Amino acid sequence: MLYYLFDFLDKHYNLPGAGVFQFISFRAAMAVITSLIIAQLFGARLIRVLQKKQVGESIRDLGLQGQMEKKGTPTMGGLIILLAILVPVLLFAKLDNIYIVLMILSTVWLGLIGFLDDYIKVFQKNKEGLSGRFKVLGQIGLGITVGWVLFFSKDVTVRQYLLPNGQLSAVDASTVYQDVKLMITTIPFAKNNELNYGNLFAYAGPFFNGLYSFLYIPIVILIITAVSNGANLTDGLDGLAAGTSAIIGVTLAIFAFVSGNALLADYLDIMFIPNSGELVIFCTAFVGACIGFLWYNSYPAQVFMGDTGSLAIGGIIAVLALIVRKELLIPVLCGVFLIESLSVMLQVGWFKYTKRKYGEGRRLLRMSPLHHHYQKLGYHESKIVSRFWIAGIMLAIFTLVTLKLR
């Protein structure tokens, strides 16, 4: 909203300094500062309100060190993250940008699903929370919406450059360009590093050329569901999910900045996505919200984010990666989420298999998700979190290297 106000003041009244709002870098800086301030001010007040209402986490004794000390710690702290994201974005971003609209929708959508889950657990005293069936339906609904918009909206394009021979090239600033509707994504570590989803049906003949939306939308659903659930599983130690998400958010901000800047995209020889640079404001607000939340969530936590926060941040990361066409890098960038999810699937799968084969279930890990396995081994919670953060930073750096590693 402030963008439009200062744009009006600059054009009609030539207000000194108003033109600075035209720069994404300035608005991104203001977004992260505002996000941090909101998280600090609103966080303290929300924690006091939650404590008064006795909105505390119910802890099931799993024999983990320091676990029962957390009993009664306020939950639903994800509201801090949601507010610290949405307010700066509404203030500083262009609200008519299709990508910003999608990100606001995704944040509110999954935030509401997580809030319902936490509300049922806390206020209705139902430890199961929202039925898993309804959670998955909510994630599928968002996946269909995001996939439909990305696939069919005329505002979602990539810039291709017309070579003298009439062929299209990803980047060649010396030639004529056109913004075209192509569902392409980046393939990591490949020289010709673009995959056109439409080519996946090409072998079946021209009749199937228009049907690849039936493949693309399920892929979007899978990615959103997997990443949001991965973030939810990672949220098991103080500061783990918030810190890891902040690292991922910084990486996605860099991808959004270079993908939305024609000169940088030309220099790096990567896909230029018109209007995607506006996502930098969202990314910086997201990073500021996660870091601001860490003030209260670092060990020992004063508040837990609950599903209100964990489902939302996972969904945000997934949709951001899809928009900047880096979804195939998610297994690397979100490697911490991935290994946490795999540890649960392998543990459950191995237990069921050995129970059928030997009559009793056996475990691969002492406990899943993986961070609880290390707790069982005697590692202190803060050490586990720090090392997972380090792993997240290494994965983020490796992901950025893929910009030129082909």
Side-chain angles (χ1 to χ4, degrees), residues 1-10 17-42 80-111 146 149-150 153 155-157 242 245-265 270-293 309 312-326 333 396 400:
M1 290 183 283
L2 289 179
Y3 168 80
Y4 298 102
L5 172 62
F6 281 91
D7 182 55
F8 175 81
L9 293 174
D10 182 44
V20 75
F21 274 77
Q22 298 297 320
F23 295 97
I24 288 175
S25 55
F26 173 79
R27 288 185 286 128
M30 293 301 297
V32 71
I33 292 169
T34 306
S35 181
L36 287 167
I37 293 172
I38 290 171
Q40 288 294 301
L41 297 179
F42 177 68
I80 301 170
I81 296 175
L82 297 182
L83 191 70
I85 292 172
L86 293 173
V87 172
V89 170
L90 292 174
L91 287 175
F92 298 107
K94 294 181 182 178
L95 301 181
D96 57 349
N97 183 288
I98 185 65
Y99 301 126
I100 293 295
V101 172
L102 264 185
M103 293 314 307
I104 293 173
L105 173 67
S106 303
T107 304
V108 174
W109 190 309
L110 287 177
V146 171
V149 171
L150 292 179
S153 174
D155 295 323
V156 178
T157 60
S245 299
I247 295 164
I248 295 170
V250 171
T251 310
L252 289 171
I254 295 171
F255 278 133
F257 186 72
V258 298
S259 297
N261 185 295
L263 293 177
L264 288 174
I270 62 172
M271 192 187 312
F272 173 58
I273 307 170
N275 303 315
S276 65
E278 201 68 18
L279 286 172
V280 178
I281 289 108
F282 188 96
C283 290
T284 52
F286 174 71
V287 172
C290 290
I291 294 174
F293 180 74
I313 62 177
I316 286 168
I317 289 168
V319 178
L320 279 170
L322 285 161
I323 290 174
V324 297
R325 316 295 177 106
K326 298 294 185 291
L333 178 59
L400 289 171

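Count residues from 1 along the sequence. These numbers were taken from a predicted model, which means no experiment stands behind them. When reading the values below, keep in mind they use all heavy atoms of this one structure, side chains included, and skip hydrogens, waters and symmetry mates.
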Task: G315 versus L110, closest heavy-atom pair with distance - done: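 That closest heavy-atom pairing would be CA-CD1, 3.3 Å.
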Open item on the list: Is there a side-chain contact between R27 and K94 in this structure, where contact means two heavy atoms from C-beta onward sitting under 4.5 Å apart?
Closed with: yes
Open item on the list: What's the separation between atom OH in Y3 and atom CD1 in I281, rounded to the nearest 0.5 Å?
Closed with: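 Rounded to the nearest 0.5 Å, the OH-CD1 separation comes to 9.5 Å.
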Open item on the list: Using side-chain heavy atoms (C-beta onward) and a distance below 4.5 Å, is I98 in contact with N275?
Closed with: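 No, too far: nothing below the 4.5 Å cut-off.
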- [ ] With the side chain counted from C-beta on, respond yes when S259 and K326 share a heavy-atom pair under 4.5 Å apart, and no when they do not.
- [x]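 They are in contact (side-chain heavy atoms under 4.5 Å apart), so the answer is yes.
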Open item on the list: For a quick test of reading the model, state the closest non-hydrogen atom pair linking G111 to L82 and the distance between them.
Closed with: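 Taking G111 first and L82 second, the nearest heavy atoms are CA-CD1, 3.9 Å.
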Task: Sequence-distant partners of F26, ring pair (Phe, Tyr, Trp, His ring centres under 6.0 Å), two or more places apart - done: F21
Open item on the list: To the nearest 0.5 Å, what is the distance between OG on S35 and CG on L91?
Closed with: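 So the gap between those two atoms works out to 11.0 Å.
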- [ ] Calculate, to the nearest 0.5 Å, the distance between atoms CD1 and SG belonging to I248 and C283 respectively.
- [x]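 I248 atom CD1 to C283 atom SG measures 11.5 Å (nearest 0.5 Å).
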Task: L320 vs F255 side-chain heavy atoms within contact, under 4.5 Å - done: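 Of all side-chain heavy-atom pairs linking F255 with L320, none is under 4.5 Å.
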Task: Student check: side-chain heavy atoms of I317 and F286 closer than 4.5 Å - done: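 A side-chain contact under 4.5 Å exists here.
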TODO: Side-chain contact test, heavy atoms from C-beta onward, threshold under 4.5 Å: evaluate it for M103 versus V89 and give yes or no.
DONE: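 The answer is no, as the side chains (C-beta and beyond) never meet within the 4.5 Å cut-off.
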Open item on the list: Are V108 and L86 packed together at the side-chain level, in the sense that at least one heavy-atom pair is separated by less than 4.5 angstrom?
Closed with: yes
Task: Straight-line distance of L252 CG to F282 CZ, nearest 0.5 Å - done: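 That separation rounds to 11.0 Å.
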Task: Distance, nearest 0.5 Å, that separates CD1 of I85 from OG1 of T107 - done: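 These two atoms lie 5.5 Å from each other.
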Open item on the list: If you compare all heavy atoms of A396 against all heavy atoms of L333, which two are closest, and at what distance to 0.1 Å?
Closed with: CA-CD1, 4.2 Å
Open item on the list: Please report the interatomic distance CG(L9) to CG(L2), rounded to the nearest 0.5 Å.
Closed with: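 The distance works out to 10.5 Å.
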Task: Y99 side-chain N/O to V324 backbone N/O, donor-acceptor pair under 3.5 Å - done: no
- [ ] For the residue pair I104 and L90, establish whether any side-chain heavy-atom pair is separated by less than 4.5 Å.
- [x]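 Result yes, sub-4.5 Å side-chain heavy-atom pair found.
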